[in-house]
Amino acid sequence: MTKPVAIISLCLTLGGVTAWPASGSTNCEGIPGPAHFSLYKNRQATFNSVADADYKQKYEIEWFVGSKSLGSVTKNGNESFVLKGSNFSSLAFSVTGFHQNDNQWSVSHHKIFPDPDGGIQIRFEDAACDNSFDTSPDLKVIIDIK
């Protein structure tokens, strides 16, 4: 007699969870992980960053030919970097943002926006899921390609 009661109780519980999700859940916009781009032959990319958060921010740039990594560099928020052009016909690079929380570094969510001066902006957010990409991103990396 207890087995049918347990099964009915389980079904009601599972049905209730899907019908009334927890109010504490949040909707995180953006994509976790790196943003990927390509540079054509002999083009140079300049990376400028602006950090606007109460905790440390950093970003990593890694460049590739095909799937072979040719190098990487990590910069703190508010630091710049120049990726020189190469003789390869195409050079791919990725930009990953990180935020520090309780001495742990975590990958940030990102969205890509056009820059008013003609470049590209990658805006990074922490895991708070406040979705402030438009109003006040935690870290913004501006890429200028020459």
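Quantities reported herein were computed from a predicted structural model and do not represent experimental measurements.
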Under the rule for side chain to side chain donor-acceptor pair (under 3.5 Å), what residues qualify as partners of [X], not counting sequence neighbours?
X   : answer
N76 : none
T46 : none
S94 : none

Next on the checklist: Has R43 got a side-chain atom pairing as donor or acceptor with K146's backbone, closer than 3.5 angstrom?
Outcome noted: yes
Next on the checklist: If hydrophobic clusters are built from ILVMFWY residues whose side chains come within less than 4.5 Å, do V50 and V73 share one?
Outcome noted: no
Next on the checklist: Assigning hydrophobic clusters by single linkage (Ile, Leu, Val, Met, Phe, Trp, Tyr; side-chain heavy-atom cutoff under 4.5 Å), is L39 placed with I120?
Outcome noted: yes
Contacts of [X] that satisfy side chain to side chain contact (heavy atoms under 4.5 Å, CB included) - sequence neighbours left out:
X    : answer
D115 : D117, Q121, I142
A35  : F37, H110, I112, I122
K84  : Q44, V82

Item to check | Whichever hydrophobic residues join F133 through chains of side-chain contacts under 4.5 Å | outcome: F113
Checklist entry - Linking Ile, Leu, Val, Met, Phe, Trp and Tyr by side-chain heavy atoms under 4.5 Å, what else ends up with I31? => result none
Tabulate below the donor-acceptor pairs under 3.5 Å that side-chain atoms of residues 59-66 make, not counting sequence neighbours, or state none.
unit_1 : atom_1 : unit_2 : atom_2 : d
Y59    : OH     : E79    : O      : 2.8
E62    : OE2    : S69    : OG     : 2.8

[X] side, atom [atom1]; [Y] side, atom [atom2] - distance, nearest 0.5 Å:
X    : Y    : atom1 : atom2 : answer
E125 : S108 : CD    : OG    : 8.5 Å
F124 : D52  : CZ    : CG    : 15.0 Å
L91  : S86  : CG    : OG    : 4.5 Å
F81  : S49  : CZ    : OG    : 12.5 Å

Checklist outcome for this item: For V107 and G33 the tightest heavy-atom approach is CG1-N, 3.4 Å
Item to check | salt bridge (charged side-chain N to carboxylate O under 4.0 Å, His left out) against K111, all qualifying residues, sequence neighbours excluded | outcome: E29
Next on the checklist: side chain to side chain donor-acceptor pair (under 3.5 Å) for N48 and S80? Distances and angles first, verdict last.
Outcome noted: CA-CA 5 Å; N48 294 300; S80 299; 2.7 Å; yes
Checklist entry - Can you name the residues that form a ring-ring contact (aromatic ring centres under 6.0 Å, His included) with F98, not counting sequence neighbours? => result none
Next on the checklist: Could you go through H99 and W105, starting from their C-alpha distance and side-chain angles, then the distance that decides it, and tell me whether this counts as side-chain contact (heavy atoms from CB on, under 4.5 Å)?
Outcome noted: CA-CA 6 Å; H99 60 278; W105 286 99; 5.5 Å; no
Next on the checklist: Taking atom NZ as the centre, does K56 end up with more than 12 heavy-atom neighbours from other residues, nucleotides or ligands that are less than 6.0 angstrom away?
Outcome noted: no
